[in-house]
Amino acid sequence: MLRFPVIPGPTIGRDMRPSDFFPPLNWAHKITASNVRSDAFAGFTNAAIVLPQAIAFATIAGLPPQYGLYTAIVTAVVAALWGSSMVMVSGPTTAISAVLFATLADMAVPGTAHYIQLALILTILVGLFQLAAGLVRLGGLVSFVSHSVITAFTAAAAVLIAVSQLAGALGVHVEPGGNVIERLLRLGEHFIEVNPYAVAISATTFVTLITLARFAPRLPGFLIALVVGAGLAQLIGAADHDVAMVSSFPAALPRFDPPEASLAHVINLAPGALAIALIGLLEAISIGRSFAVRRKEPFDANQEMIGQGLSNVAGGLTQCYAGSGSFTRSGVNAAAGAVTPLSGIFASAFLAVILVFVSPYVSYIPIPAMAGLILYVAWRLIDIEELRHIIETSRPETLILALTLAAGLLIELDFAIYVGVIASLCVFVYETAYPEVAVTVPVQTVGGNRKFADVTTTDQVECPQVVVIRVTGALYFGSVDNVSRAIKSAMAARPRQVNVVLYLKSVRKLDLAAGDMLIELIRSVRAAGGEIHLVAGTHELHRSLERFHVIDELGPGHIHDSKTEAVVATMTHHFKRRICQGCIREVFRECDALRDGLMPTGGATADKKAG
């Protein structure tokens, strides 16, 4: 059952803990020698993986290659320190790179100094929007993203990542971008150009990694597989057979260089920055939450928003463009054995070392070997068992999963989140629009007490003078018509049971439409010669009934805390004694007392457990 999230209000200045200002205090106890070694291995592997990826993303964004590497270094450190996920690594992403290019392409020529300045200003605005969202505690909105949406989004991302790496694995050049079908069609057009040397390198890397994961999981499989792939490339002379290698890049680190911004820049860039901020938060929270669920770790969406916002603000001041959580880097990080966010910091440190000292040797790493590693990561991201579980257990969740997956594969990955959220809301509205409305009767329990059970599940007969109706679910404008129709149908099927006890189970409050419906029901019951009593067990519901004048319409003595009290009040004040004297059904325990004239006026029995 989908539920609306409870969004907490701001907590700044109230019950603040040191970890609220410095989140690493929450996971500092996990920093052991063994875990540091695991994080270092994962970080080194991650640094090697991100090299060609960061360069490619920067190209998509219309920026020089080094800006992708700067983004991979700076945002990963800040997001690791102030975020919430244990294994998510931030950096440049496909969706953000594409949206950034679409936002700036009409304002400046890609790659120029002016374009770079606009990209940095845009990145700072993105960070400020995200930081503000985290500080005002909007992370509760992530509850609208159901588990099925996350599962489907993860699967779609994995397929998209895999398809995007096929060109590199096959050794062909294909225009990037587009959905899965478009990418596959373009790849098919170049299939006759497949390079067998590239296929051999990618397949060897992939098989090596699978073998190590299966038989030697404690070894640094990603690093070994990458070395094996590079060694094979050198052995067969891959460079002489048109196998692409990782490109060299300038050996320089990012520096503090704030962009020069004007009010006109801010006004023009704000709409695009807001869109990128939203996409970035959805990506980061979805990725962080999916790994937290899989690893059974806590995840604070508000803290992650703050971490992402700070990382982009810091990034915009240090020659980086907007980044977010990276599915590929996070998947590599988790699969390589990362334990704490130190792995992301190690990845940035190793990447900085590579950038300064090892950049000439990076050109020996073949692109197919990198593709083989990323194909393995994509394969591991798809949770087949969870997909099967959702499909076998819930039709609504299966629908949400299918729509999200289809959007991710056939449209755009970031759009899949919107589709999933909308589908979840539609399912929620549909389910809450049809609360359970059941006629109940008291039945004897094993312990000798009573409970009210659905009349369709027991052979116990009903009282000829009252119908006890239970409403379970939300009572609001979207459900009042269905509830009213079901109650009137139950009453029409029992024309002689003119009195009604209405038990509003699980109803904490109601809106104006629900209040009007209850008032109309009260008048309808009284017009038929009966009386109605309500069971409202919460103070919040009492206040709602009072605010919408339902209690004024009912009059005193018609609101009760239990079904037993409501039934006794109805029997005492509204039953016809002559009908009771001729009745042999014995539906209620109080029937004998009422028939013999012993029922206390307005009283309640000691049988509270039935309520």
Side-chain angles (χ1 to χ4, degrees), residues 1-9 138-149 393-400 403 420-440 451-457 467-491 500-525 532-554 558-563 566 611:
M1 178 76 177
L2 297 170
R3 299 184 183 277
F4 277 123
V6 177
I7 304 174
L138 294 182
L141 293 175
V142 76
S143 297
F144 282 112
V145 185
S146 72
H147 181 64
S148 297
V149 174
T393 56
S394 173
R395 288 185 178 180
E397 293 295 328
T398 300
L399 176 63
I400 294 172
L403 291 174
V421 171
I422 292 172
S424 299
L425 289 174
C426 290
V427 169
F428 171 82
V429 171
Y430 178 81
E431 290 184 344
T432 58
Y434 292 89
E436 179 190 10
V437 179
V439 175
T440 64
K451 70 174 183 178
F452 283 81
D454 192 331
V455 71
T456 61
T457 63
V467 55
V468 181
I469 300 174
R470 181 186 65 230
V471 178
T472 306
L475 198 55
Y476 70 112
F477 66 91
S479 65
V480 291
D481 288 342
N482 297 317
V483 171
S484 177
R485 189 180 303 112
I487 292 175
K488 290 179 179 178
S489 176
M491 293 170 57
V500 176
V501 169
L502 185 62
Y503 174 32
L504 302 179
K505 183 180 182 181
S506 302
V507 179
R508 296 185 59 184
K509 59 181 179 180
L510 44 84
D511 63 3
L512 178 61
D516 291 342
M517 184 274 290
L518 290 176
I519 290 174
E520 192 273 334
L521 178 64
I522 294 167
R523 294 172 179 173
S524 176
V525 170
I532 183 170
H533 287 252
L534 297 183
V535 181
T538 67
H539 294 295
E540 191 173 8
L541 180 55
H542 273 269
R543 288 194 295 270
S544 295
L545 293 171
E546 183 177 7
R547 183 167 63 253
F548 297 120
H549 305 291
V550 177
I551 293 180
D552 294 338
E553 186 70 27
L554 274 174
H558 287 70
I559 300 289
H560 308 277
D561 293 331
S562 72
K563 291 185 294 295

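Counting only distance, with no hydrogens or angles, the side chain of S524 and the backbone of E520 share no donor-acceptor pair below 3.5 Å. The backbone N or O of R485 sits nowhere less than 3.5 Å from a side-chain atom of S489 that would complete a donor-acceptor pair. The closest donor-acceptor contact from the side chain of N482 to the backbone of A433 lies under 3.5 Å. In terms of modelled atom types and a separation under 3.5 Å, the side chain of S484 and the main chain of V480 share no donor-acceptor contact.
Across every non-hydrogen atom of I400 and G420, the tightest pair is CG2-O, 4.1 Å. Across every non-hydrogen atom of A536 and L545, the tightest pair is CB-CD1, 3.9 Å. Across P396 and E431, no two heavy atoms sit closer than the pair CG-OE2, 3.8 Å. Heavy atoms only, all atoms of each residue included: H542 and D561 are closest at NE2-OD1, 3.9 Å. Closest approach of L521 and M491 over heavy atoms only: CD1-SD, 4.0 Å. Closest non-hydrogen pair, V507 versus T538, comes out as O-OG1, 4.1 Å.
At least one side-chain heavy atom of L475 sits less than 4.5 Å from a side-chain heavy atom of M517. Contact check for F548 versus L510: side-chain heavy atoms found under the 4.5 Å cut-off. Using a 4.5 Å heavy-atom threshold, the side chains of K563 and K505 count as separate. Using a 4.5 Å heavy-atom threshold, the side chains of L518 and I532 count as separate. Using a 4.5 Å cut-off on side-chain heavy atoms (C-beta onward), V501 and H560 make no contact.
Rounded to the nearest 0.5 angstrom, R470 CZ and D454 CG are separated by 6.0 Å. Atom CG of D516 and atom NE2 of H549 lie 10.0 Å apart (nearest 0.5 Å). Note that CG of L541 is 8.0 Å distant from CD1 of I559, once rounded to the nearest 0.5 Å. One finds the OG atom of S544 at 11.0 Å from the CG atom of L512 (value rounded to the nearest 0.5 Å).
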Discussion item. Pair V468, F452 - check side-chain contact (heavy atoms from CB on, under 4.5 Å), show working.
Written reply: CA-CA 9 Å; V468 181; F452 283 81; 4.1 Å; yes

Practice prompt. Please lay out, stage by stage, how I522 and V550 fare under the test side-chain contact (heavy atoms from CB on, under 4.5 Å).
Written response: CA-CA 9 Å; I522 294 167; V550 177; 4.0 Å; yes

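In terms of the side chain to side chain contact (heavy atoms under 4.5 Å, CB included) criterion, residue partners of R508 (sequence neighbours excluded) are, by chain and number, E540. For D511, the side chain to side chain contact (heavy atoms under 4.5 Å, CB included) partners at least two apart in sequence or on another chain are Y476, F477, A513, A514.
Shown here is E546, whose CD atom has no more than 12 heavy atoms of other residues, nucleotides or ligands within 6.0 Å.
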